[in-house]
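The figures here come from the full heavy-atom set of this structure, side chains too, leaving out hydrogens, waters and symmetry mates. On a predicted model such as this, the values are computed, not experimentally measured, just so you know. Note on naming: letters A, B, ... go to the chains in the order of the sequence lines (proteins, then strands), and numbering restarts at 1 for each one.
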Number of protein chains: 2
Amino acid sequence: MTKKKKSGKTENLVPALRGHIWIDGSKGTFLGYGRVVLLERIREYGSITKAAKALEISYRRAWVLIDSMNRQVPRPYVVTSAGGRRGGGTSVTPEGERAVALFWKIHENLQQFIKKQDAAVRSLYDE
Amino acid sequence: MTKKKKSGKTENLVPALRGHIWIDGSKGTFLGYGRVVLLERIREYGSITKAAKALEISYRRAWVLIDSMNRQVPRPYVVTSAGGRRGGGTSVTPEGERAVALFWKIHENLQQFIKKQDAAVRSLYDE
DNA sequence: TAGCGTAATATACTAAAATGAATAACGCAA
DNA sequence: TTGCGTTATTCATTTTAGTATATTACGCTA
């Protein structure tokens, strides 16, 4: 994802410090990078089926991710409907959008954090 | 307002922000929480076999973790010997110790980071 | 030389996670 | 009423990570 060429900004040096963040609920993780990207695809396509295809994961996988998320959150992050004019669909709720926005914000902060700490890591490996 | 609880120290509130860090090399991850704990057990016991038992992982798993680490690092983090008075053994090199110390330092910083960011997460879920 | 406790390695098995395919329910429209 | 595209759900299969077990090499000691 952070794969840059020769521009000089985000070099892909190795070794490199990496990091992840996610949010745990009482029944396990309910929000992380994968789910957030999935939410954005659902927003884009209005459909779990199409979002799953775009991300090259199975419908079932997408559904499980969404279900485990929706069931741990006070108010659902996506709402679904089956049947109707276009067969049904799925949309992201305002609560979901807030969560997505917050996740990206923290994610961004984490990248800053890692960038800082990475200096110490790199100093381990060059003289 | 933030939720108030009855005990005082490390509350296990949910939802809770979590995070991990690790170091990637050209052939994948070579240092993370698991390997660092393993290094510490090797230091403690002087043996991969015993360290693996203490961590309740298979010898093979421990060996693979160590090997993938050692082979991506300029100078090995552990050195092994087979045969001899006590059958052989494994010890952590100064380079390994430095890496362990640095990892824990960054890990600690990450905990501080998460603690700060977690406030924003929590505010998503209480009124 | 035989015995020991270890590292190193190969192979077969196990368990968990994800996939793929099939099916039913849904609700609108023609 | 039939067709359509979606969600929801089940089940068999595949993939993958890890375990369990066995074997060999090693080097010291008795």
Trainee: Of all nucleotides in DNA chain D with an atom under 4.0 Å from a non-hydrogen atom of chain B, which is the first and which the last going 5' to 3'?
Mentor: D/dG18 to D/dT29
Trainee: If Ile, Leu, Val, Met, Phe, Trp and Tyr residues are connected whenever their side-chain heavy atoms lie under 4.5 Å apart, and connections chain through other members, are B/Ile42 and B/Tyr45 in the same group?
Mentor: no
Trainee: Output the rounded distance in Å from CH2 (B/Trp63) to C1' (C/dA10).
Mentor: 11 Å
Trainee: Of all of residues 80-91 of chain B, which get a heavy atom below 4.0 angstrom from DNA chain D, listed by number?
Mentor: B/Ala82, B/Gly83, B/Gly84, B/Arg85
Trainee: With rounding to the nearest 0.5 angstrom, report the CG to CD distance, A/Leu17 to A/Gln117.
Mentor: 7.5 Å
Trainee: Consider only side-chain N and O atoms of B/Ser68 and B/Arg35, and report whether a donor and an acceptor are under 3.5 Å apart.
Mentor: yes
Trainee: Would you say that more than 12 heavy atoms from the other residues, nucleotides or ligands in this model lie under 6.0 Å from the CZ of A/Arg122, or not?
Mentor: yes
Trainee: When the ring planes of A/His107 and A/Tyr33 are compared, do they come out parallel, tilted or perpendicular, using 30° and 60° as the limits?
Mentor: tilted
Trainee: Is there a path from B/Val36 to B/Ile114 through hydrophobic residues (I, L, V, M, F, W, Y) whose side chains come within less than 4.5 Å of each other?
Mentor: yes
Trainee: Would one find a side-chain N or O of B/Lys50 under 4.0 angstrom from OP1 or OP2 of C/dT6?
Mentor: yes
Trainee: Indicate if B/Val79 and B/Ile66 have the same hydrophobic cluster label, given that clusters are the connected sets of ILVMFWY residues with side-chain heavy-atom separations under 4.5 angstrom.
Mentor: no
Trainee: To the nearest Å, how far apart are A/Tyr59 OH and C/dT23 P?
Mentor: 17 Å
Trainee: Tell me whether B/Leu102 shares a hydrophobic cluster with A/Val14, the cluster being built from Ile, Leu, Val, Met, Phe, Trp, Tyr side chains joined at under 4.5 Å.
Mentor: no
Trainee: Using atom names, set out every protein N or O paired with an N or O of nucleotides 17-20 of chain C below 3.5 Å, distance rounded to 0.1 Å.
Mentor:
| unit_1 | atom_1 | unit_2 | atom_2 | d |
| --- | --- | --- | --- | --- |
| C/dA18 | OP1 | A/Arg61 | NH2 | 3.4 |
| C/dA18 | OP2 | A/Arg61 | NH1 | 3.4 |
| C/dT19 | OP2 | A/Ser58 | OG | 2.7 |

Trainee: Heavy atoms only: give me the nearest B/Ala51-B/Arg41 pair and the separation to one decimal.
Mentor: CB-CB, 3.7 Å
Trainee: Is B/Trp22 linked to B/Ile106 within one hydrophobic cluster, defined over Ile, Leu, Val, Met, Phe, Trp and Tyr using a side-chain heavy-atom separation of less than 4.5 Å?
Mentor: no
